[in-house]
Each structure stands twice: as C-alpha cells, then as structure tokens.
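Heads up: the structure comes next, in structure tokens.
To find a chain, count down the sequence lines: A is the first, B the second, and so on, and within it residues start at 1. FYI, side chains are in, hydrogens and waters are out, and symmetry mates aren't considered; it's all heavy atoms of this structure.
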Protein chains: 2
Amino acid sequence: MSTARRATSQRWIDLGEQQREAVARAVVDLVSEGRVPLKVAELADRAGITRPTLYKYFPTLGAAVLHTAQTLLAELDQYVRPRLPKHANARELLLARFEVSFRYARSKPEMTRFFSYYDFAFRRSGLSNDENAVRGAISHSAGHPFIDLFKTGQTEGSIDPDLQPDVTFLAMVTSMTGTAQRLLVEDNWTSGTDRRAEGVHQMMIDIWRRKLTPKDAK
Amino acid sequence: MSTARRATSQRWIDLGEQQREAVARAVVDLVSEGRVPLKVAELADRAGITRPTLYKYFPTLGAAVLHTAQTLLAELDQYVRPRLPKHANARELLLARFEVSFRYARSKPEMTRFFSYYDFAFRRSGLSNDENAVRGAISHSAGHPFIDLFKTGQTEGSIDPDLQPDVTFLAMVTSMTGTAQRLLVEDNWTSGTDRRAEGVHQMMIDIWRRKLTPKDAK
C-alpha cells in the first residue's frame with residue numbers, strides 16, 4: 001500500500017472509531033436523560049450521524065448498546081488499574097477494586113444509570129439470543145479480575161478459606177453492585193453522590209472486609 | 001338508597017375493583033415477559049378491557065403503574081405480617097421482615113422484576129411530577145415499618161446505639177433490596193430462586209445481624 005493510501009485508510013479507521021464512540025456517548029446521554037426506550041432515529045441524531053451510517057456500524061440497537069457497555073467497562077478498567085495499591089494482599093486488592101470503581105461511578109452517575117437500564121430493562125427485551133450470549137461474555141470478562149482476586153485470597157490466606165466461594169463471591173458482587181445502583185434511586189434519602197452515599201459505600205466495604213478476613217486474623 | 005340500588009352500586013364498585021386489579025396483574029405480566037415499554041393498547045388488551053375503560057380508571061400509564069406498585073406492596077405486607085415472630089426484639093423483627101419478604105419474592109420473581117423495571121426504567125421517564133410525588137409517598141410508607149423497627153431497636157438496645165442511624169439504615173435497605181434485585185439478573189451465576197440465591201440471602205441476613213447487634217452482646 002502506498003503511504004498516501006495508508007494515510008487515507010487510517011483516516012477512515014479513525015473516523016469509524018470516532019463515530020462508534022459518538023454512538024456510545026449518545027446511548028449513555030439518552031439513557032441518563034431518561035429518554036428511554038432508545039430509538040434508532042434519535043440515537044443517530046444525537047450521535048451526529050445518519051441512520052444508514054449508524055446501521056453500517058451496528059446492525060441492531062442491541063449491538064449499539066452492547067458496544068456502549070464494553071466501552072464503559074473499558075474506561076472503568078482504565079481508571080481503576082493505575083489506582084490500585086501496589087503492595088497489598090488479594091483481599092485488599094479486591095476491596096480496593098470496589099472502592100475505586102465506586103469513586104469513579106460517583107463522578108459519573110450516568111455510567112451506573114446506563115448499567116441499571118441495561119440490566120433491568122433493555123436486556124430483557126432488546127437483545128437477540130446471539131447478542132445475549134455476547135452480553136454474558138462481556139459480563140463474565142468484567143467479573144474476571146474480581147473472581148481471580150477472591151480465589152487468590154483464599155489460596156494465600158488473606159481471605160477466610162472456610163467461606164464457601166461461590167455464595168460468598170456472589171453475595172459480595174450483588175450487594176456491592178446492587179447498593180451502588182440503588183443509591184441512585186433512593187431519592188427520599190440520598191442523591192446517590194452525596195456524603196450519605198459515600199458513608200453507605202464505606203460501611204459496605206467495612207462489612208465485607210470483616211466478613212472476608214480469616215477468623216484468626218480478626 | 002333502596003336495597004336493590006345499593007346492590008347494584010356495590011356490583012359496580014366490585015367490578016371497578018376487579019378491573020383495576022386486572023390492570024395491575026396485566027402490568028406485572030407484561031413487565032415480567034419483557035414486553036416493555038408498556039403500551040396502553042397492549043395493557044388494556046391483556047387486562048381484558050377496552051382502552052376507554054382503562055382510561056376511566058387510570059388517566060395515564062403512570063397512574064396504572066403506581067396502582068400496580070401499591071397493589072404489590074399491599075399483597076407483600078399481607079403475606080409478611082402474619083409470618084413475623086410474635087416474641088422478638090426489634091432487631092430480629094427487622095431481620096425477619098427482610099427474610100419473609102425475600103421468601104415471598106422468591107416465590108414471585110415477577111414482583112421483583114416489576115419493581116426493578118419501575119425503579120430503574122419506568123419512573124425515570126414515565127411519571128409526571130405529581131405522579132412522582134405519589135411514588136415518593138408510596139415508597140416512604142412501604143419503608144415505614146422498617147425504619148420504625150430500626151429506631152425501636154436502637155432505643156431498646158437490641159440494635160447498637162452507636163451506629164449512625166441514617167447511613168446504617170440506608171446501607172441495610174439498599175444492600176438487601178439491591179441484592180434481591182441483582183440475584184434475578186446475575187444469570188451467569190444463579191436463577192435468582194435457586195439454592196445459591198438462598199445462600200446469598202442468608203449470608204446478607206447474617207452479615208446484618210452481626211453489624212446491628214450491640215458490641216457487648218456479641
């Protein structure tokens with residue numbers, strides 16, 4: 001390929017990336033504004049592209065929403081990784097993952113709103129079987145670092161080896177995630193990003209630190 | 001009023017109640033089947049009434065959904081009350097409320113699905129300001145027995161009086177409710193009603209019993 005042609009095709013790839021990115025942004029904005037259910041026309045409009053261009057990248061609305069989930073999870077991971085403690089046991093690394101993720105989520109409530117909509121409304125009606133399999137894989141891969149730390153913790157002894165791994169891990173993930181999601185809807189009590197929300201999150205971290213720590217270390 | 005007229009008007013009241021009840025049933029069924037967003041025509045059809053009849057009872061879709069929330073909460077309360085322990089302190093009564101509610105919710109996953117849709121999708125776009133105020137009041141009154149038990153527990157000493165009431169109560173409610181909701185979407189791990197879900201719920205009850213119990217009683 002000539003240099004000129006290579007430059008041209010690189011420009012097309014960049015444009016494609018930008019437009020896919022703009023679609024993910026638009027999905028998050030529309031969901032955050034409560035403009036649900038998502039409509040393809042509105043989504044294209046918000047992303048600044050035409051419907052045919054949108055369909056060029058995403059054959060279905062489900063594909064666009066899955067891409068949004070992946071984009072947000074990648075951004076979260078990029079934020080979290082460099083902020084984890086350098087020298088810590090697996091239990092503290094696991095708790096730190098929840099803490100740093102929550103800090104990020106508090107600064108971007110629209111991310112949590114997107115995932116609440118995705119988990120509790122969109123995926124129940126908006127995904128084909130194939131797309132749902134992709135969704136399962138995305139969720140599995142996002143959970144991977146957490147489950148790995150849990151297993152390592154039980155092996156190295158920073159997490160009580162007597163705790164039944166599947167139930168304990170599931171209780172931790174569902175309660176931490178469920179709490180973060182509900183803090184954004186308990187509007188009789190909290191804005192979801194105020195000091196009370198922070199206090200609730202800290203209490204959950206403390207509770208789990210106590211539960212995970214082996215009995216002889218307590 | 002003559003006896004005959006009274007009987008006739010009673011029949012109308014009963015019919016009205018039956019039809020309002022059928023609408024609540026239809027909302028729950030449609031949400032549970034993932035047939036969201038709800039559409040008035042589909043709702044009337046499922047409830048076996050005409051659109052004008054539906055509008056006679058509920059001026060808006062929001063009103064129908066709020067009625068559904070109230071109906072489900074009343075049914076839950078009716079199930080829970082007679083199943084609470086007769087002689088127990090406020091802490092154990094509070095924990096029992098969560099336990100019995102979860103038992104009911106496991107046998108009726110469609111109730112939790114409805115509230116997940118209501119909390120995380122519908123209310124963000126489907127309610128007028130007035131309706132949203134009604135929603136706040138419904139949620140406040142459903143939380144009332146829980147907050148009362150928490151306060152009583154701190155006064156009588158079955159709940160650690162050193163715990164900050166607002167943060168602790170909110171952490172308990174958001175984590176218990178959030179966990180119950182997420183157990184129905186963590187389908188890589190659980191059906192939401194299997195033994196693993198039961199184990200997660202039991203672990204959360206144990207964790208909160210330990211957290212609430214005053215230190216000198218531990």
Measure [X] against the heavy atoms of chain A and call it side chain, backbone, both or neither at under 4.5 Å.
{"X": "Q181(B)", "value": "both"}
{"X": "R123(B)", "value": "side chain"}
{"X": "R113(B)", "value": "side chain"}

Quick one: does any side-chain atom of N188(B) pair with a main-chain N or O of S139(A) as donor and acceptor, under 3.5 Å?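 Looks like no, no N/O pair under 3.5 Å.
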
Look only at the side chain of R124(B) and the backbone of V31(A), and say whether a donor-acceptor pair between them is shorter than 3.5 Å.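 Such a contact is found between R124(B) side chain and V31(A) backbone.
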
With rounding to the nearest 0.5 angstrom, report the CE to CE distance, M204(A) to M172(B).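 Between atom CE of M204(A) and atom CE of M172(B) there are 11.0 Å.
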
Check each atom of F169(A) against the heavy atoms of chain B and say whether the ones under 4.5 Å are side chain, backbone, both or neither.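 For F169(A), side-chain heavy atoms alone lie under 4.5 Å from chain B.
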
Relative to chain B, which segment of D166(A) carries a heavy atom at a distance below 4.5 Å: side chain, backbone, both, or neither? both

Can you tell me if CZ on R81(A) sees more than 12 non-hydrogen neighbours from other groups inside 6.0 Å?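 12 or below, so no.
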
Could you go step by step and tell me if S125(A) and R35(B) meet the side-chain contact (heavy atoms from CB on, under 4.5 Å) rule? CA-CA 7 Å; S125(A) 62; R35(B) 299 190 69 82; over 6 Å; no

[X] vs [Y] side-chain heavy atoms within contact, under 4.5 Å:
{"X": "L170(A)", "Y": "L183(B)", "result": "yes"}
{"X": "I207(B)", "Y": "K211(A)", "result": "yes"}
{"X": "D119(B)", "Y": "R182(A)", "result": "yes"}
{"X": "T179(A)", "Y": "T177(B)", "result": "no"}
{"X": "D187(A)", "Y": "R135(B)", "result": "yes"}

Using the ring of each side chain (for Trp, its six-membered ring), is F120(A) parallel, tilted or perpendicular to F120(B), with breaks at 30° and 60°? parallel

